Amino acid sequence: MRNFAVFLRLLRTPRLLSKVAQNRFMANRTYRSEMTPGRKLQLLVLIVTRRCNLRCRMCMQDHNAHLRQEKERIGLDEYKKLLDEVKGWSPVIQMTGGEPFIYREIDALIEMVKERNLVCMINTNGTMLQKHAGVIVDLGVEKVTVSIEGPPEVHNRICDFDRAYELALSGIQALAEAKKKRRSPYPFIDVKSVITPANAGRLEPVVKLLDTGWIQMVDFVHMWFLHPAQVEIHKKLNPGADYYPPHEFPLFKQEELAYAMKHIRELQRRYSHYPFIVFPDIPDDLMRSYYSDPAKRLYRNRCIYPYETARILPNGDVLACPEDIAAKAILGNIRDRTIHDRTIRDRSLTDVIQGEKAQDFLEKLDKSGGAWPICTRCCGIFRS
C-alpha cells in the first residue's frame with residue numbers, strides 16, 4: 001500500500017516516473033565487466049562541493065568538510081563540456097555534496113542540465129533552499145530531497161545547529177509555494193531521515209509533514225556504514241588494497257534497535273496509506289544482523305552501482321563507486337591531459353569509464369560476486 005501511495009504521487013510527475021521506471025528496468029539486466037567498452041551511465045552524481053555548513057552526527061563526510069578549502073574545482077565551462085558529452089546517454093544528473101547550495105554557480109549549473117533536457121535531482125540539507133526555490137521551480141528540477149532527522153529539537157541536535165530545522169522547513173515551504181504559484185508539479189519533494197539512536201522513537205513528526213501538503217514522500221533509511229570487521233575482511237581478500245577507514249559514529253545497541261524498530265513498525269501500520277517508505281525494509285531478525293554482525297552478507301545481490309553510475313568529485317576525479325565517500329577507487333580524472341592521434345586534449349568521461357582501469361575494477365568486482373566485504377552495509381546492495 002505504501003509503495004502504491006508513492007506511485008500515485010509519482011503519477012503527477014511523469015518525467016520523473018518515466019525515468020524511475022526506466023532505471024528499474026535497466027537494473028534487472030545482468031551486469032558484467034564485458035560491458036565496459038561500450039558502457040553508458042544511467043546516473044551521474046556531481047559532488048559540486050565537499051564543503052558543508054552542518055556537522056550531522058551520522059554523516060559519512062569528514063566533519064571538518066566545512067573548513068576544507070577546495071583549491072582545485074571544476075569550472076562551469078568544464079561542466080558544460082561534460083554535460084554535452086553525456087547528454088546522448090540521457091542519464092539522471094544528481095547534484096549533492098557536501099551541501100550543494102554552497103557552490104556559488106549552482107543555479108547556472110542547474111540551468112545547463114535542464115537546457116540539455118536531462119532529469120535533475122538535488123540532495124540538500126535545506127538550510128539554503130529558500131533562496132533558490134524560485135529558480136528550482138522555474139528551471140523544472142524534477143526532484144529535491146531534503147534531510148530532516150526528526151522534530152525541531154532532535155533535528156537541530158543531530159545537525160549541531162539551532163536553526164537547521166527552521167531553515168529547512170522554510171525552504172520546503174518556499175518550494176511548495178513556488179510550485180503552486182507557477183502551477184508546476186516539479187520538483188517532487190522528498191524528505192529523508194536517517195534512522196539512528198539519536199532519533200529513535202521520535203520520527204512520527206516527520207511522517208506528519210505529509211499533512212502540510214508541501215511534500216510528496218517521506219523516506220526513512222537505515223544507516224549505511226563501514227565497520228572494522230568489514231574492513232579487515234576486505235584487506236585479507238584484497239592484499240595491498242588501500243585502507244578504508246570505518247565510519248566513526250554510534251551504531252544501535254540491541255535494546256535501542258528493538259525500540260527503534262517497534263516505533264517504525266507502528267508508524268507503518270498507523271500511516272499505511274501515506275507515501276512513506278523504510279529502506280531497507282527487511283525483516284526484524286535480518287535487521288538485528290544488519291547491526292550486530294556487520295561483516296555478514298545478508299543478501300547475495302550484485303551491486304549495480306559501479307556498472308551504471310559514476311561520481312565526479314570537485315577536482316574532476318571519477319569514482320568507480322558512487323558511494324565511495326573515502327574516494328579510494330578513483331578511475332581517472334576528466335581534467336587529465338592525454339594524447340589522441342598526436343593531439344593533446346583533456347581526458348573525457350567516456351575515456352575514464354570505458355578505460356583499462358575501469359575494466360580492471362569491474363573484472364575484480366565480477367570475481368568477488370558483484371560486491372566486496374566493504375559493500376555489505378551499503379544501500380547499493382539493497383537497491384540492486
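The basis for the numbers below is simple: all heavy atoms, side chains too, and nothing from hydrogens, waters or symmetry mates. Values in this document were obtained by computation on a predicted structure and should not be read as measured data. We number each residue from 1, following the sequence as shown.
Judged by distance alone, the side chain of Lys131 and the main-chain N or O of Phe101 form no donor-acceptor pair under 3.5 Å. Side chain of Arg116 to backbone of Met112: a donor-acceptor contact under 3.5 angstrom is found. Proximity of a side-chain donor or acceptor of Asp324 to a complementary backbone N or O of Ala329 within less than 3.5 Å is detected. Remark: the backbone N or O of Ile158 is not paired with any side-chain donor or acceptor of Arg57 at under 3.5 angstrom.
By the rule that hydrophobic residues join a cluster once side-chain heavy atoms approach within less than 4.5 Å of another member, Tyr259 and Val154 end up as members of separate clusters. Side-chain heavy atoms closer than 4.5 Å link hydrophobic residues (I, L, V, M, F, W, Y) into clusters, and following such links, possibly through other members, connects Leu11 to Ile277.
Relative ring orientation between Phe225 and Tyr290 is described as perpendicular, the plane-to-plane angle rising above 60° on a 0-90° scale split at 30° and 60°. Between Phe220 and Phe276, the ring planes are tilted. Angles from 30° to 60° get that label.
Between the side chains of Thr376 and Gln230, at least one donor N or O sits under 3.5 Å from an acceptor N or O. Neither side chain, Glu166 nor Asn156, offers a donor N or O lying under 3.5 Å from an acceptor on the other. In summary, the side chains of Glu85 and Thr350 do present a donor paired with an acceptor at a separation below 3.5 Å, with no hydrogens or angles considered. Looking at Glu99 and Thr124, their side chains do bring a donor and an acceptor atom within 3.5 Å of each other. A donor and an acceptor atom, one from each side chain of Asp317 and Asn333, are located under 3.5 Å apart. Between the side chains of Glu204 and Tyr271, at least one donor-acceptor pair of N or O atoms lies under 3.5 Å. Between the side chains of Arg302 and Tyr307, a donor-acceptor pair is found at a separation under 3.5 Å.
The ring of Trp372 has its center closer than 6.0 angstrom to the ring center of Phe361.
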* Assess whether side-chain hydrogen bond (donor to acceptor under 3.5 Å, both in side chains) is satisfied between Thr309 and Gln42, documenting all intermediate values. => CA-CA 6 Å; Thr309 308; Gln42 298 296 313; over 6 Å; no
Does Ile312 form a side chain to side chain contact (heavy atoms under 4.5 Å, CB included) with Val45? I'd like the steps, not just the answer. CA-CA 6 Å; Ile312 300 181; Val45 182; over 6 Å; no
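Remark: Met58 CE to Ser147 OG distance equals 6.5 Å, nearest 0.5 Å.
The environment of Asp211 atom CG is dense: over 12 non-hydrogen atoms of other residues, nucleotides or ligands sit within 6.0 angstrom.
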